[in-house]
Amino acid sequence: MVKRQKKNWVVPIGAVPTDFDLKILSYQDKGFIVPQNNLIKTPEQIEGIRQAGIVNTGILDMLTTEIREGMTTGDIDRLVAQYTADHGAISACLDYEGFPKSCCTSINEVVCHGIPSDEEELFDGDIINVDVTTIKDGYYADASRMFMIGNVDPKVKRLVEVTKECLEIGIQTAKPWTFVGEIGKAIGRHAHANGYTVVRELAGHGTGNAFHEEPTVDHYDTRHKGMLLVPGMVLTIEPMLNMGERHVFIDEADGWTVVTEDELPSAQWEHTLLITETGVEILTH
Ligand code: MF3
Ligand code: CO
Ligand code: CO
């Protein structure tokens with residue numbers, strides 16, 4: 001049986017295809033996965049996502065000056081909620097599929113989706129990822145950073161730094177008219193060259209008009225090309241690197257917290273990017 005490739009890109013009946021349409025159609029006709037039309041943002045949508053990005057970056061910058069030893073992750077959550085409200089925005093995390101707080105706070109062996117708590121204090125030597133997603137006028141921007149508390153073991157510091165390099169390499173790899181699979185290939189290569197593993201269960205994603213859109217952005221070599229990258233697409237890259245094994249589990253107690261199987265540290269950095277005619281624009285800088 002011949003399996004027919006799903007036709008993502010559609011030119012309305014009666015419309016004259018533009019050069020842009022023809023270019024995408026030429027990839028589609030060769031059997032490559034191309035974006036659906038609605039993944040290409042309009043200039044108005046891009047401006048909206050940019051504005052959401054400005055608030056989101058403001059939150060992370062504010063945390064950079066506020067986060068310190070002795071604070072709880074509940075304190076971090078309140079800072080995020082207050083800043084978000086003060087800027088006329090909404091946290092995308094709060095109530096998302098039942099998530100109870102306004103950001104994710106993931107310490108040491110927690111990979112991602114840690115739930116802020118008044119019972120959880122930051123200690124000297126901890127590393128913490130804070131992942132913030134902001135909705136402004138209906139548009140989404142999603143980014144996370146690592147914060148190091150006091151004296152962090154140089155080996156752990158190196159994990160944090162290499163993970164940031166992996167995000168930067170992913171961003172440099174993301175170019176129009178290449179494929180999303182190239183991003184994970186480049187990230188995986190850099191992670192492994194430095195002796196780290198890459199988490200596979202969670203991925204980057206399209207975003208902007210909703211929290212999570214197509215395509216999936218894997219951070220390892222899946223051996224698939226994945227979707228064609230086209231100017232106007234908005235997506236996140238958010239590699240998670242582990243010091244030990246790549247395997248993770250979800251804490252049954254809360255159904256959210258993702259933890260490394262061997263309880264060795266994990267790090268993550270995330271940006272939201274616009275694919276432009278020539279490369280990318282980071283919308284969460
Ligand atoms: N911000 C995360 C991401 O990068 C998703 C968090 S979902 C939540 O995709 F519900 F845990 F907030
Ligand atoms: Co994300
Ligand atoms: Co995020």
Side-chain angles (χ1 to χ4, degrees), residues 39 49 52-61 63 73-74 76-81 83-84 89-107 110-117 120 128-136 139-147 163-164 166-167 170-171 174 180 183-184 187 198-220 227 233-241 248-259 266-275 280 282-285:
L39 292 184
I49 302 163
I54 289 169
V55 178
N56 206 69
T57 300
I59 295 170
L60 290 168
D61 287 347
L63 291 177
T73 51
I76 294 173
D77 183 65
R78 278 183 289 277
L79 288 169
V80 171
Y83 189 103
T84 304
I90 298 170
S91 160
C93 297
L94 188 62
D95 294 331
Y96 174 77
E97 295 185 5
F99 192 82
K101 298 286 175 180
S102 298
C103 61
C104 298
T105 50
S106 306
I107 299 176
V110 176
V111 175
C112 63
H113 300 173
I115 303 175
S117 159
E120 185 180 50
I128 178 171
N129 174 278
V130 183
D131 192 338
V132 182
T133 309
T134 300
I135 312 171
K136 173 92 174 148
Y139 297 107
Y140 291 70
D142 182 9
S144 80
R145 292 184 198 166
M146 296 300 296
F147 301 91
T163 307
K164 191 176 189 190
C166 281
L167 171 57
I171 291 171
V180 77
I183 297 171
I187 289 172
V198 177
V199 175
R200 297 189 178 184
E201 287 79 357
L202 298 120
H205 49 90
T207 192
N209 296 337
F211 201 159
H212 297 110
E213 304 174 15
E214 283 197 69
T216 295
V217 182
D218 286 304
H219 304 110
Y220 65 100
M227 190 178 279
M233 288 170 75
V234 175
L235 47 86
T236 76
I237 302 179
E238 47 184 299
M240 284 146 275
L241 267 64
V248 300
F249 68 94
I250 297 177
D251 186 343
E252 278 176 23
D254 62 29
W256 278 102
T257 310
V258 180
V259 189
S266 183
Q268 179 178 30
W269 292 82
E270 176 178 25
H271 270 311
T272 296
L273 317 163
L274 166 69
I275 306 295
V280 300
I282 302 173
L283 300 175
T284 47
H285 237 358

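We count residues from 1, following the sequence as given. When a ligand or atom number is given, it counts from 1 through the structure's own listing order. This structure is a prediction, so every number in the text was calculated from the model and none was measured.
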Among protein heavy atoms, which lies nearest [atom], and at what distance?
| atom | value |
| --- | --- |
| atom 7 (S) of ligand 1 | Tyr96 CD2, 3.7 Å |
| atom 9 (O) of ligand 1 | His212 NE2, 2.9 Å |
| atom 5 (C) of ligand 1 | Phe211 CZ, 3.7 Å |

Taking C-beta and beyond as the side chain, do Thr84 and Leu94 meet within less than 4.5 Å on heavy atoms?
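No; the side chains remain at least 4.5 Å from each other.
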With a 4.5 Å cut-off on side-chain heavy atoms, are Glu238 and His219 touching?
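Touching, per the 4.5 Å side-chain cut-off.
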Applying side-chain contact (heavy atoms from CB on, under 4.5 Å), run through Val199 and Glu201 and close with a yes or a no.
CA-CA 6 Å; Val199 175; Glu201 287 79 357; 3.7 Å; yes
Residue [X] vicinity, atoms of ligand 1 by number, heavy atom under 4.0 Å:
| X | result |
| --- | --- |
| Trp256 | 8 (C), 10 (F), 11 (F) |
| Glu238 | 3 (C), 4 (O), 9 (O) |
| Glu270 | 4 (O) |
| Phe99 | 8 (C), 10 (F), 11 (F), 12 (F) |
| Thr133 | 1 (N) |
| Cys93 | 12 (F) |

Taking the Co ion (ligand 2) as the reference point, name the nearest N/O/S atom of Asp142.
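The closest N, O or S atom of Asp142 to the Co ion (ligand 2) is OD2.
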I'd like the atom name of the N/O/S atom in Glu238 lying closest to the Co ion (ligand 2).
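Checking each N, O and S atom of Glu238, the shortest distance to the Co ion (ligand 2) belongs to OE2.
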[X], any N or O under 3.5 Å of ligand 1 N or O:
| X | value |
| --- | --- |
| Asp142 | yes |
| His113 | no |
| Asp131 | yes |

For Leu283, run the side-chain contact (heavy atoms from CB on, under 4.5 Å) check against Val234, Thr236, Asn56 and tell me which one passes.
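Looking at Val234, Thr236, Asn56, the match for Leu283 under the side-chain contact (heavy atoms from CB on, under 4.5 Å) is Val234.
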Checking side-chain contact (heavy atoms from CB on, under 4.5 Å) against Asp77, which of Ser117, Pro100, Cys104, Pro116 comes through?
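The residue from Ser117, Pro100, Cys104, Pro116 that satisfies side-chain contact (heavy atoms from CB on, under 4.5 Å) with Asp77 turns out to be Pro116.
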Proximity to ligand 1 by part of Cys104, non-hydrogen separation under 4.0 Å:
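Answer for Cys104: side chain.
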Residue part near ligand 1, for Glu97, under 4.0 Å between non-hydrogen atoms:
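The answer is neither.
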I'd like to know if Lys101 pairs up with Asp95 as an ion pair, taking the criterion as any Lys NZ or Arg NE/NH1/NH2 lying under 4.0 Å from an Asp or Glu carboxylate oxygen.
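No, Lys101 and Asp95 are not salt-bridged.
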Can a donor-acceptor pair be found, under 3.5 Å and without considering hydrogens, that links the side chain of Asp218 to the backbone of Tyr220?
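It does not hold such a pair.
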Looking only at side-chain N and O atoms, does [Y] offer a donor or acceptor that is under 3.5 Å from a partner on [X]?
| X | Y | answer |
| --- | --- | --- |
| Thr257 | Asp251 | no |
| Tyr96 | His212 | yes |
| Gln268 | Ser144 | no |

Apex the Co ion (ligand 2) - arms OE2 from Glu270 and NE2 from His205 - angle rounded to 10°
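Nearest ten degrees: 130°.
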Show your working on side-chain hydrogen bond (donor to acceptor under 3.5 Å, both in side chains) between Asn129 and Ser106 and close with a plain yes or no.
CA-CA 5 Å; Asn129 174 278; Ser106 306; 4.9 Å; no
